Structure formats: C-alpha cells, structure tokens
2 protein chains.
Amino acid sequence: MSTVDQRRVGRPSRPVLDRRRIGAAALKLVDDTGGFTLPELARRLGVQTPSLYHHVDGRAGVVELLREHMGRDIDISHLERRPWDVALRGFFRSYRAVFAAHPQAVPLLATSAVRSPEVLAAYEKMLVLLGEVGVPRGEAMAILTACENFVIGSALDFAAPDVMWELPDDVDAPHLASALADQTSPEHRADNAFEFGLSTLLASIADRSS
Amino acid sequence: MSTVDQRRVGRPSRPVLDRRRIGAAALKLVDDTGGFTLPELARRLGVQTPSLYHHVDGRAGVVELLREHMGRDIDISHLERRPWDVALRGFFRSYRAVFAAHPQAVPLLATSAVRSPEVLAAYEKMLVLLGEVGVPRGEAMAILTACENFVIGSALDFAAPDVMWELPDDVDAPHLASALADQTSPEHRADNAFEFGLSTLLASIADRSS
DNA sequence: ACCTGAACACCGTTCAAGT
DNA sequence: ACCTGAACACCGTTCAAGT
C-alpha cells in the first residue's frame, strides 16, 4: 500500500548511535533484567545487532561502556574537602553508592576495578591527602588498595540476595541464628557492615599518620 | 576393520561420571583456560555434553560445583586455635588462599559468597569466638561480614592483572607514579594490601571487646 | 563512516531412544 | 539410572552491500 515500511539500507544521514546512548541503554537493560545480550540491546536501541560493532568492540566493549558510565557517577569532588577523613569517607561512600545503585551490574564489573583516568586522578588526590597526614609513601598504596578491595567486596555483598543468609533447617547454628536475629537493622545488614569496615580502615590510617 | 570403535549407547554398567569428578575437571578447566564451556568440560571427561545434565543442573550447577569444591579447601580447623585473633587470622587467610590458588575461578564465584554448611559452621564458630571476647551480639554479624567482604574484594584484586596499575603516558599523576614505585614489594602488592586490611579489621575487633 | 541482511561457529538445554 | 544422538533456540562475530 503506502510506503510506511521505512526499513532503510545504507548509511543514515546522521548517525543513530553513539557510545553514550549505547552505554545508557546497556545499563538500563542490566538494571531491568540483570544481564544483557547484544540482540536485546540492539532491539532497545531500534537497531540491528551488527550496528553496535561500529561503536563498541563487541560484548566486552559494552561491559567497558558500563564501567565508564558508572565511573562517571562517582563523586570525586569529595576529595577536595578537608579534613582528610571526611574527604576519603565521602569518596568511598560515593564509590560504593554507585555500585549499590546498579546492583545487577556489579558482578559484570567486579572482574576488574575501574581504572579510568578519572579514577586514577582520584588516586592521585588520595595519595596527596595521605602524604599530608604523614602516611609513609611505601604504605600508602597498600592502604588505598585495601580500602578499594573492601568497597568492591561490599558492593558485591549488597548486590547479593539477603536470602543467602537464610539458614537451612538441618544445620544447627544457634549463635549464628541469634546473631542474625540480633542485628540492629537486618534490612541494612550490608550497609552496617560497610560503615563499620570503612570507619575501621580510616581509623587505622589515622594511626599510621605522624 | 576391527571393532576398536567402542562407541556405546545406553546406560553403562557402572556410571562414568559423578559430581566430584565433574567438579574437579571443571576447576582444572577454569584454571587452565580462564573459563569453561559445557562441551569442553564434557570433552575432557570423555563424555557427550548432555550427559552432564544427569549429575548437575546445567551450567549454573557446574558453578555451584566449583563453589563446593573450593569451599572444601578452606581450612576451618584454624578456628579451633586460640587466642581468638590467631584463629580468625588463620581462617581468613585460608579463605583467601583458596581463591588465590584459583584466581581464574574467582570472577565466576564472586557473585555470591560461599554458603555451604561448612561455611555456616565456620560462622557459628567465629561468633562463639567473638562472644568469648565480649563483642556485643548485635555488632558481631556486621564485623564478620565486613571481614568476608574484604576477603572477597582482595581475592578479586589478586585475580586481576597487575598490568591494571600501569599508568597511561597521557595521565599526569606524579604521586601515584611514585607511590607505585615506592611499594616495598610490588610483586606482592595484593598480599600487602590484604595483610594490612586484615590486621586492621582484627585490631578493631579487639577494640570492641570488653 | 555507519547501518543492514545474511551467514557461521558455537553454546546451553531438551528429549526420545537405548541399556 | 545414565549415556548418546539429534534437534532447537539463541548468541557473538564477521562481512559484503548499500548510502
């Protein structure tokens, strides 16, 4: 009948895709479904699967895009604040909050930490902070790495279902059962653990300063 | 010519597969190649792919098998030792050492922590320890969770390539560069960070005891 | 440069058939 | 119960063709 079928072949007058749009759609897809597939991502973008390859390097490239996208959300400005512990606490909270905002994405990214220029710049600033406080240079990297490892582990914990702490009936663990029951706020189990660990690690930095 | 071709159809006189053998082969495969595929796993076991489904629930079931297999290697006996900090330190070191022995498997398992009966029993014992020391019951779970999160994050860190800390030429980060250079032993970067964080977390438990 | 359609190798899963 | 062979839907990736 009419020429409603606008299926087009060949290069469009203006590009319909760009890395930013792909990254946003991918993150949305992961948030919605817990995973992603190139065909499904392409469908959401109204495009054929191979089109993606003009902008990202396959599936691994999309994961990289997720990493970039979430890395941008980490609020580095905390590191401008003083005193140093307020700066670090704010930064690491933001770091974890970004993961917590996209729990389904965490397992995809956990393989390797974010190493974008922005994150490297953040490390640079944190090292300056530690230097100001008097932490020996040789120890600074170990301290920050420990903090980051803790943040990533905590993010994974947050992403994990709370159901994982349900005890099977056949295991006898009275102390564990009552400890789970005695939690001040079970719904914030992961948050409590995070705040505890973060405070602990930061306090130990104070100990190392001169 | 001869009947060398022993391809058989139907149920074998004695089972050729069992969960243990599948788990061991899967772990070996992951250690060797960094991943696994059901066809590849079946090939190594000298069996057809669908045969695996008689023993494990598909691909997810194999991951579960990996978890069980590695969980068995964690040395719980540390928790019988005293004083409490020796017990906990030994246990968490063993926990991480198991991951470190199979770095390629870590990303596969990181999604959810090990929650086998053995690990639950370990938690039970650790809670008894914390109780002996006088840690308030309401805080105990947060403390142990923080330790576990740290261990898992550290395991992922260990599994990550050290190359990730190579600085691109275009980023200007003098403090980061010198901090990396000043590390007491770069080849043990991940280990140093782990030992630092673990000591810190354990020390804070002492603070919480009465 | 950038999108499409067709094609390929490969993977996870199901199931009937056979002992 | 336990293994095989065949079959299916689906995925990631490549590439020539078209603008």
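What you see is a predicted model; the values in this text were computed from it and never measured. Proteins come first, then strands; the chains are lettered A, B, ... in the order of their sequence lines, and each starts at number 1.
For the OP1/OP2 pair of dG5(C) and a distance below 4.0 Å, the side-chain nitrogens and oxygens of Gln48(A) include at least one atom meeting the criterion. OP1 or OP2 of dC3(D) lies within a sub-4.0 Å distance of a side-chain N or O belonging to His55(B). Note on Arg11(A): every side-chain N or O is 4.0 Å or more away from OP1 and OP2 of dA1(C). Within the structure, every side-chain polar atom (N or O) of Ser51(B) is placed at least 4.0 Å from both OP1 and OP2 of dC2(D).
The CZ-P distance, from Phe36(A) to dC11(D), rounds to 12 Å in whole Å. The nearest whole Å value for the distance from the CG atom in Asp57(B) to the P atom in dT13(C) is 8 Å. At whole-Å resolution of the value, NE2 in His54(B) and P in dA16(C) are 13 Å apart. Distance Arg59(A) CZ to dG12(D) P: 5 Å, rounded to the nearest Å. For Leu52(B) and dT14(C), the CG to P distance is 13 Å, given to the nearest whole Å. Counting to the nearest Å, the C1' atom of dT13(D) and the CG atom of Leu41(A) are 15 Å from each other. Between the CG atom of Leu45(A) and the P atom of dC2(C) there is a distance of 15 Å, given to the nearest Å.
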Dot-bracket pairing map - DNA chain D, Watson-Crick plus G-U, both contacts under 3.5 Å, | cross-strand = ||.|||||...|||||.||
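Sorted by residue number, the list of members of residues 21-31 of chain B with any non-hydrogen atom under 4.0 Å from DNA chain D is empty.
Between the side chains of Arg67(B) and Ser116(B), no donor-acceptor pair of N or O atoms lies under 3.5 Å. A donor-acceptor pair shorter than 3.5 Å can be found between the side chains of Ser199(B) and Arg89(B). Arg59(A) and Thr37(A) share no donor-acceptor pair across their side chains, judged by distance under 3.5 Å alone.
Nucleotides of DNA chain C nearest to Leu38(B) and Gly10(B) differ in position, and the one nearer the 5' end is that of Leu38(B).
Annotation: Phe194(A) is not in aromatic contact with Phe92(A) [ring centroid separation under 6.0 Å not met].
Looking at His175(A) and Lys125(B), their side chains never come closer than 4.5 Å, going by heavy atoms from C-beta outward. Inter-residue side-chain proximity for Tyr95(B) and Ile152(B) is flagged as met; some heavy-atom pair is nearer than 4.5 Å.
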When you look at Asp191(A) and Arg93(A), which way does the salt bridge (charged side-chain N to carboxylate O under 4.0 Å, His left out) test go after all the steps?
-> CA-CA 10 Å; Asp191(A) 300 273; Arg93(A) 273 190 185 146; over 6 Å; no
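Arg189(B) forms no cation-pi arrangement with Phe158(B), by the criterion of a distance under 6.0 Å to the ring centre and an angle within 45° of the ring axis. Because its NZ or CZ atom is not both nearer than 6.0 Å to the ring centre of Phe91(B) and within 45° of the ring axis, Arg81(B) does not count as a cation-pi partner of that residue.
If you check every strand for non-hydrogen atoms under 4.0 Å, Ser13(B) touches nothing. Using a 4.0 Å heavy-atom criterion, one finds that Thr37(A) contacts the sugar-phosphate atoms exclusively.
Atom CZ of Arg20(A) sits in a sparse spot, with 12 or fewer heavy atoms from other residues, nucleotides or ligands closer than 6.0 Å.
Checking dC3(D), dG12(C), dC3(C) against the side-chain heavy atoms of Pro12(B) singles out dC3(D) as nearest. Of the listed nucleotides (dT13(C), dC2(D), dA6(C)), dA6(C) has the atom at the smallest distance from the side chain of Pro50(A). Counting only heavy atoms from C-beta on, Tyr53(A) has its side chain closest to dG12(D) among dC3(C), dG12(D), dC2(D).
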